[in-house]
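Since the structure comes first, as structure tokens, the remarks are kept for the end.
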Amino acid sequence: MVASTRFRRLFTSGGGYALFMPALLKLYTEAQDHPGIKLAIEYGVNRFYALHHESFVFQTLDIFAHVTALPHIDVEPLGKSIYNLFFALRKGVLPLAPDAAGIHQANRVQEREALIMNTAEEKPQTFLNLLRRNQAVGENQYLALDLPEEYETSRLGMDDFVRLFLTVIAHDSSIIRAEQFLRLLRNLTPYLYHASSNARAILRDGIDALATLLMKTSVKLKISDSGEGHFSSSEKIPENQSLEKSRSASNITIMRLDYLALIISFVRAGGSLSLAAVLRTTELIRTMLKEVPLDVNHGISNFISSLIRASFMRENPPPLKEVVALLEELAPLIAQYNCNSVIDFSGTFQTISELVSSSLYSSQPRFSRAVVSCICAPALSSCETAASANFLMTLPSRHSIVALLAQCVFLRGANVIVEVAKRVPSYDYLAGVVFPLVLSLKTQKTHVQDGQLETWHRDSIRNAWICLLSFAMSTCRRTPHLLERSRSQGRRRSNDGKKSSLPSFLIALQIVKVIVVRAGTEISTHIPGLWLWMRAFLVEILADGDAGFAINYTEVSPLASPTSSPQSSLHLDPFQSSVSGNSLTAPHPHPFPHPRVIDYSLWSFLEVLCVHRNPLILQMRFFVTEKLVELEHGLQYRRNGLRGRHIPSTVFSKPRRHASGMLSSTSSGSSPLIASQSSSQYLYPDSSLISLEGGRQPGYNVLSSPDNIRGPKIVHLGPISVLARTPSPGRGKEPEGMTTTTRIKSVALARATYKRIRTVQKSMGYENLLPMPQNQESDGDDVFTTMWTQKEVLDAITKETDQLVEEFEKLARSLQDGGGHMEPSQMGPS
């Protein structure tokens, strides 16, 4: 303290306070629980300010800004200590304050001399006015100098303290001192907001002005070349760096990120931004993304989510107008930068989801429309774009988007599921968005358990489930056609496996299964007639399925397999179209035969109906029994080992006599409309038994009664052979054709199909189950014992979907790497 009075130039302009103030700050921070040391340091700082005023404040803040910019410094306790140290200057030293160090008035004489010199040099007229002549007792006379109180005990206003920060930053934002002052102001903002009302107002106005200043400044440094992360410019400042380097170039990108953090600190402390400040901030974000998008994406992502949480989720929320204004400003950012993962909006979507779940704004239609149109719609558009580019499954914000969609179902005045159903039902979109949505969407039962019993909540749940069910069912019906494959092409190295109709068909069917399991109560309570509609839909798309692939496999003779290259034997395509002409003689290279896609879909859906109680089984029991009877007839034929052996007729099948007079078993399909060569081989083992001659044939030569009753010779007006059926309207379209001709090549999926067939048989009371292929024994987990719970069924569906997605990804990678090719000949009919 004595030195500060003697070496005036050193402490006013020579950086004298930089010599010891960092040490005092460290000691002051560590001695918060020691009142003697704390009060002694506050007294010393008070005397420094009394002598040098703004010069002391500026030099001290300058060195403190350097210290807090060091990478190994814990800024939070230092920031609080800096604020307390300068806040003590607001009230000065109390006369009765304890003096444990014994330093009070220790340098009073030196201070008075220094104050006299300062006053005489800076304000000589004031100095002369302070002089007065006194007459003492006797003849001696002397001069007395009375210093006013304000010269000895100056006070620091917190509003002036904030102005100093803003002045230094705005004076020259191109130097590193401005960058360091901005960062120190960011750390002090939570304390300065509560210092005084004047400081709060100046801080709010200064934040608005800094946005314009930082927006005009252009990026001059190449941040990407430094190889440093965000907020790492302090690493360039060594501990022993002198204050002369304060005029080195600043990093404008880091300053902008610090400015965004300053806004968050201000809002978290209780402040609110004006609408003009919000608009300028979003414009600043666009400027940052245009200049260095890869260096600021993480900081901007955290800023947006933190701003929404701090601004809207607090005790005194802002009016709805400000909320809607911010959501409208976010819409173009999400639409432009979410699809290419420049900004990870996961935190933003999660925060908005929490905001929607609160009862503050969710009941207001204006807020609902803003969330759906400004947040959900661009988010879904980005998912659709990512799905078309085959990277939706790796999109960082995908899970948070699904969670937001599930929560927005309960918004009043807006329908988010309509936005979901507007998108193209591609495989990636169905697997990445719709399937997890139906798994996470609340049901009426869970909503009642949460205590939300409003009528509009129940209506929202019901409408959402019905809309999703309609979307999935229509996707199964209008599955896009496969890409045109020219048989003249040799090989194609494209993602045909993922762009084909089959993945979309299978994932959409998985979605239907989840809705049947989870939304059974909603459908039965509100629209019970929907089960009949679903039965007609399932019979339409699954009628072609059967277990003929397993029966055919058991009858294939073990001939020597043709020689093939190792590359072709390692084909990773989970789907392989069966080729007619080779299916009768060439043995399978895998331990399991290849079921058709329609066969796999059939038994996968029937397993869910049989192992879990749901109203749909009542409507589908006849269909299930018909399929099992067909399978039982095929198994009986295989066990008897005789071709054309008569199988007793049942209510589900009718024996047929060909022109040769021999009876055949039931056709492979659920009706004669969809018989195929692959599924009729075990029914008609000898092709000579089927008449393919031209011209009309007598009816009794095509079909006859079980008792072979002779009657009038009625000329049959239908097709000339049992196999040449004309599909009824709605049958035989392109998607159905692909599901009946394309076979699944994955061994895991084929084995799962076997197990599902056995599970359906066991659940329906059959004892003679479908035998596993040779050298393949059942592991026991396909034996049906008890009904499955809803959780068990959903876990099984999720596991099955994951297996399908994995197989599709393998196919995509093999086609991209050139390890697998789809030959045009592979897409031939069965």
*Are E540 and R477 ion-paired here, with the side-chain N under 4.0 Å from a carboxylate O?*
yes

_Using the side-chain contact (heavy atoms from CB on, under 4.5 Å) criterion, which residues pair with A752? Sequence neighbours excluded._
R756

*Any luck finding a side-chain donor-acceptor pair between W531 and S524 under 3.5 Å?*
yes

*Got a salt bridge between D546 and R596, using NZ or NE/NH1/NH2 to carboxylate O under 4.0 Å?*
yes

*Can you find a pair of side-chain heavy atoms, one from E767 and one from K762, that are under 4.5 Å apart?*
yes

*Option from L506, L502, D428 for which side chain to side chain contact (heavy atoms under 4.5 Å, CB included) with F808 holds*: L506

*Rounded distance [0.5 Å steps], CG in L616 versus CG in L532*: 9.5 Å

*Contacts of type salt bridge (Lys or Arg N to Asp or Glu O under 4.0 Å), residue R423, not counting sequence neighbours*: E384, E419

*About how many Å separate CZ of F435 and CD1 of I797, when rounded to the nearest 0.5 Å?*
7.0 Å

*Identify whether the distance between the nearest side-chain nitrogen and carboxylate oxygen of K791 and D795 falls below 4.0 Å.*
yes

_Which residues share a salt bridge (Lys or Arg N to Asp or Glu O under 4.0 Å) with D802, sequence neighbours left out_ = none

*Is a side-chain donor-acceptor pair under 3.5 Å present for S746 with K810?*
no

